[in-house]
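Proteins get letters first, then strands, A, B, ... in listed order; numbering begins at 1 in each.
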Amino acid sequence: MKCSEFLNELTNYLDGMLDARTKSELDDHLAWCHNCYVVCDTTRKTIEIYRNSELYELPDDLRSRLRSAIMSKCAEKRKKSDPPLE
Amino acid sequence: MSTIQPNIEQPVSEEMQLVRRAKRGDDQAFEELVRRYDRNVFRIAQHITQNREDAEDVVQEAFLKAYGNLAKFQEQSKFYTWLVRIAVNEALMKLRRRRPERTVSLDEEVKTEDDSLPREVADWSPNPEQLYNQAQLRDILMRTIQGLPPGFRTVFVLRDVEGLSTEETAEALELSIPAVKSRLLRARLQLRERLNRFFQKRGNGDGHRKPASGDGDQ
Ligand SMILES: [Zn+2]
């Protein structure tokens with residue numbers, strides 16, 4: 001297996017979406033190819049770091065402000081779409 | 001006699017029950033759906049628009065659109081996937097408005113000879129995120145992901161940050177599964193490459209001896 005072939009399967013490999021045979025071919029490649037090993041390992045870390053990063057959390061006060069704005073606009077919409085029965 | 005039961009009814013998920021109640025006009029059920037997903041929609045919108053005000057608008061507009069279009073929701077996908085699709089479209093519209101000079105599209109053709117193939121292969125420190133304090137790390141991560149093209153950034157965020165499956169991501173972005181996979185690979189590799197300079201092992205200077213790796217990867 002060439003490095004480029006390894007890279008093509010990297011996403012499936014990291015996501016555990018390979019059949020046993022392909023996976024063991026990739027494992028073999030990783031066992032001797034230091035470059036691919038490092039790329040694989042640091043890509044995995046990249047994903048983990050972002051997954052745990054909580055970059056854009058919605059602050060509680062803003063959250064409730066947005067929610068009440070949404071719900072009051074929904075109520076307006078409803079009034080317009082079904083007018084009260086005469 | 002209880003032998004074969006054809007057409008076993010799929011149990012209706014709790015979420016779908018909320019959706020159905022909301023469709024029948026129960027606003028409390030809809031509010032519950034808002035509570036469930038507002039944080040996710042906000043994160044996705046922030047990542048795409050890179051602007052706080054825009055992200056706030058997107059949250060409101062996406063939920064209002066969902067509310068107004070609930071009757072059209074076919075229940076063939078998860079409500080969340082459907083909502084994400086609405087939110088992504090709203091966010092892209094905001095982005096286009098702010099950057100009219102650059103066309104912003106999710107399916108802009110991705111060049112094949114690209115800069116995501118690893119150029120620099122250097123190992124990272126064992127716990128790279130501990131090399132920086134929290135504020136520094138946030139700053140590094142934000143600026144790094146903001147440098148990705150919107151089409152890559154969005155796939156990465158849905159798939160790797162928000163945890164949607166490949167199929168759900170494809171559905172939410174109206175892309176094919178192979179397109180999602182190839183963008184995800186490029187996004188991951190580009191982020192990795194861009195993080196290299198912050199996270200790689202420092203040679204010598206830190207007082208630790210470099211492990212003998214055998215092949216000169218400098
Ligand atoms: Zn290799």
**B/R39, CZ atom: more than 12 neighbouring heavy atoms under 6.0 Å** = no

**Flag side-chain contact, heavy atom, 4.5 Å: A/T46 against B/W124** = yes

**Asked** Is any side-chain heavy atom of B/K181 less than 4.5 Å from a side-chain heavy atom of A/M17?
**Response** yes

**Prompt:** Would you call A/R67 and B/E31 a salt bridge, using N to O less than 4.0 angstrom?
**Reply:** yes

**Asked** Under a 4.5 Å cut-off applied to non-hydrogen side-chain atoms, are B/E129 and A/E48 in contact?
**Response** no

**Request:** Verify the distance criterion only: is there a donor paired with an acceptor across the side chains of B/R192 and A/T42 at less than 3.5 Å?
**Result:** yes

**Request:** Verify, without hydrogens or angle tests, whether B/R138 (side chain) and A/L55 (backbone) share a donor-acceptor contact under 3.5 angstrom.
**Result:** yes

**Item:** Part of B/R52 within contact of chain A (heavy atom distance under 4.5 Å)
**Value:** side chain

**Request:** Tell me, out of A/N12, A/D15, A/L14, A/N8, who's got the most heavy-atom pairs with chain B below 4.5 Å.
**Result:** A/D15

**Request:** Please look at A/D41 and chain B and tell me whether the side chain, the backbone, both or neither of the residue comes under 4.5 angstrom of a heavy atom of that chain.
**Result:** side chain

**Request:** Would you mind telling me which of A/R65, A/K73, A/R63 has the largest number of heavy-atom pairs within less than 4.5 Å of chain B?
**Result:** A/R63

**Asked** Short question: side chain of A/Y50, backbone of B/D160 - any donor-acceptor pair under 3.5 Å?
**Response** no

**Prompt:** Does a side chain donor of either A/R78 or B/Y67 reach within less than 3.5 Å of an acceptor in the other side chain?
**Reply:** yes

**Message:** Less than 4.5 Å to any heavy atom of chain A: does that hold for the side chain of B/S125, its backbone, both, or neither?
**Reply:** backbone

**Asked** Where is the tightest heavy-atom contact between B/L141 and A/S53, given as atom of each residue plus distance?
**Response** CD1-CB, 3.7 Å

**Request:** With the side chain counted from C-beta on, respond yes when B/D38 and A/L66 share a heavy-atom pair under 4.5 Å apart, and no when they do not.
**Result:** no

**Fill in**
Assert top hit (heavy-atom pairs under 4.5 Å, partner chain A, pool B/G68, B/P128, B/G25) equals B/G25

**Request:** Tell me, yes or no, whether the heavy-atom count around B/Y80 atom OH, taken from other residues, nucleotides or ligands under 6.0 Å, exceeds 12.
**Result:** yes

**Distance-only side-chain donor-acceptor flag, B/R188 / A/T11, under 3.5 Å** = yes

**Message:** Rounded at 0.5 Å granularity, tell me how far CG in A/L7 sits from CZ in B/R186.
**Reply:** 11.0 Å

**Message:** Show, in sequence, the C-alpha distance, side-chain angles and deciding distance for A/Y56 and B/M142, and conclude whether the side chain to side chain contact (heavy atoms under 4.5 Å, CB included) test is met.
**Reply:** CA-CA 9 Å; A/Y56 299 119; B/M142 271 190 208; 3.7 Å; yes

**Request:** Examine whether an atom of B/L191 lies under 4.5 Å from a heavy atom of chain A, and if so say whether it belongs to the side chain, the backbone or both; otherwise answer neither.
**Result:** both

**Asked** Of the backbone (N, CA, C, O) and the side chain (C-beta and beyond), which part of B/T144 lies under 4.5 Å from a heavy atom of chain A, both, or neither?
**Response** both

**Asked** Hey, mind stepping through B/L189 and A/L10 against side chain to side chain contact (heavy atoms under 4.5 Å, CB included) and telling me if it holds?
**Response** CA-CA 10 Å; B/L189 288 175; A/L10 179 62; 3.8 Å; yes

**Message:** Using 0.5 Å steps for rounding, measure from the CD atom of A/E76 to the CG atom of B/L64.
**Reply:** 9.5 Å

**Prompt:** Taking side chain as C-beta onward, heavy atoms only, is A/L58 less than 4.5 Å from B/V41?
**Reply:** no

**Asked** Within the side chain of A/R51, is there an N or O that forms a donor-acceptor pair under 3.5 Å with the backbone of B/E162?
**Response** no

